[in-house]
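Have a look at the structure below, then the notes.
Each chain gets a letter, A, B and so on, in the order its sequence line appears, and its residues count up from 1. Note that the structure is predicted; figures quoted are calculated from it, not measured.
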There are 2 protein chains.
Amino acid sequence: MSTPEEQLRRQGYRVTGPRRRVLRALGRLGHATPDQLASALARDGSAPIALSTVYRNLEALTEAGVVTHSHLDHGPPSYHLVDHGDHLHLVCSRCGSVTEAQPASAGELAGNLLREHGFVADVTHMAIHGRCRRCAGATAPGGEDR
Amino acid sequence: MSTPEEQLRRQGYRVTGPRRRVLRALGRLGHATPDQLASALARDGSAPIALSTVYRNLEALTEAGVVTHSHLDHGPPSYHLVDHGDHLHLVCSRCGSVTEAQPASAGELAGNLLREHGFVADVTHMAIHGRCRRCAGATAPGGEDR
DNA sequence: TTGAATGCAAAAAATTTGCATATTG
DNA sequence: CAATATGCAAATTTTTTGCATTCAA
């Protein structure tokens, strides 16, 4: 495993300035869309990094296994470091809030899928849609909508 | 419950020609992106439906609870009828294949989330990323990538 | 009749690509 | 030095919006 930079180099990717900054920014932000990253980087003192470079870097970092993303909802995907700490994303489809939950909650699911389909689920950053506690209360579970 | 059209009308939406055709097309296709829908509709004999109308209809149908979508992967979301039959989508992040699994597999997950977070998960059309049986075999679970 | 829905064109977003130049290993 | 990465501009792709017209209720 080792550090992200070693991991990059080991796989033939170059460790460049912009690449390093993208990594640091991801570390700081936790989660961010390509656009948010570019903005954050533009505001962090050094020279701004071209948006296209951010995209290409996220792609490279993903291939290198240092970064992943999840689709929390509509809109651009949210990227984060692989070791940012695993957690499920509970996305409320009513109010849009995102709560984090422990991956352990999905342990049985992963087991079932492996057993029944031979599918190795990555439940470490999964997005699950539904209603958060507050919104679930507002609208009855089986009730009318809207 | 009743038919989608009744459900629409009951909620104040109008049942129009294009809207009906979008519903039928979704029924036929199972899953489709807005773009795929528009293409399918353009090829089904009658007049093509403006892409913007497809978007607006999918939005309306979603609000009415007749249609949902899932983000199977990058790219546009995939829409389908709510009663197309519930199933989880197992998306292989290596080969891109999509397998369907029974929602029951996620029963415990839903239970856990409800208990621990009061979160009412909608596991009926959830997308789960990972490696399908074939690709999991090709790359060792903890093995090198690439 | 009258407000909601449609089509079409134009505007925004979100991504990707080409290419000359700068950098890493 | 050779290959990869960057920046910038332009091209794509995806989604949204404005508006006059048509249509369902």
Determine, using the 4.5 Å side-chain heavy-atom cutoff (strictly less than), whether B:Leu41 and B:Leu8 are members of one ILVMFWY cluster. yes
Between atom CZ in B:Arg19 and atom P in D:dA24, what is the gap in whole Å? 12 Å
Axis bend over the full length of the helix from C:dT1-D:dA25 to C:dG25-D:dC1, computed from five pairs that close each end, to 10 degrees: 50°
If you apply the rule side-chain hydrogen bond (donor to acceptor under 3.5 Å, both in side chains), what do you find for B:His80 with B:His69, and how did you get there? CA-CA 6 Å; B:His80 54 270; B:His69 67 269; over 6 Å; no
For a 4.0 angstrom threshold against heavy atoms of chain B, report the outermost contacting nucleotides of DNA chain C in 5' to 3' order. C:dG3 to C:dC8
For the pair A:His87 and A:His31, evaluate ring-ring contact (aromatic ring centres under 6.0 Å, His included) and give the outcome as yes or no after the intermediate values. CA-CA 12 Å; A:His87 50 261; A:His31 294 77; 5.3 Å; yes
Distance col, row A:His125:NE2 vs A:Ser78:OG, nearest 0.5 angstrom, shows 11.0 Å
What nucleic acid atoms does A:Asp35 come within less than 4.0 Å of, heavy atoms only: base, sugar-phosphate, or nothing? nothing
For B:Glu63 and B:Tyr13, does a side-chain donor sit closer than 3.5 Å to a side-chain acceptor? yes
Nearest to the side chain of A:Arg14, heavy atoms from C-beta on, is which of D:dG7, D:dT4, D:dA24? D:dT4
Pairwise 5' ranking along DNA chain D for B:Thr16 and A:Ala60, keeping only the more 5' one: A:Ala60
Under 4.0 Å: is that the gap between some side-chain N or O of B:Tyr55 and OP1 or OP2 of D:dT16? no
Name the nucleic acid region contacted by A:Thr33, choosing base, sugar-phosphate or nothing; use a 4.0 angstrom heavy-atom cut-off, strictly under. nothing
Validation row: B:Leu26, B:Leu58 side chains within 4.5 angstrom (heavy atoms): yes
Please figure out whether B:Pro34 or A:Ala47 has its closest DNA chain D nucleotide nearer the 5' end. A:Ala47
When you check the phosphate oxygens OP1 and OP2 of D:dG7, does a side-chain N or O of A:Arg56 lie under 4.0 Å from one of them? no
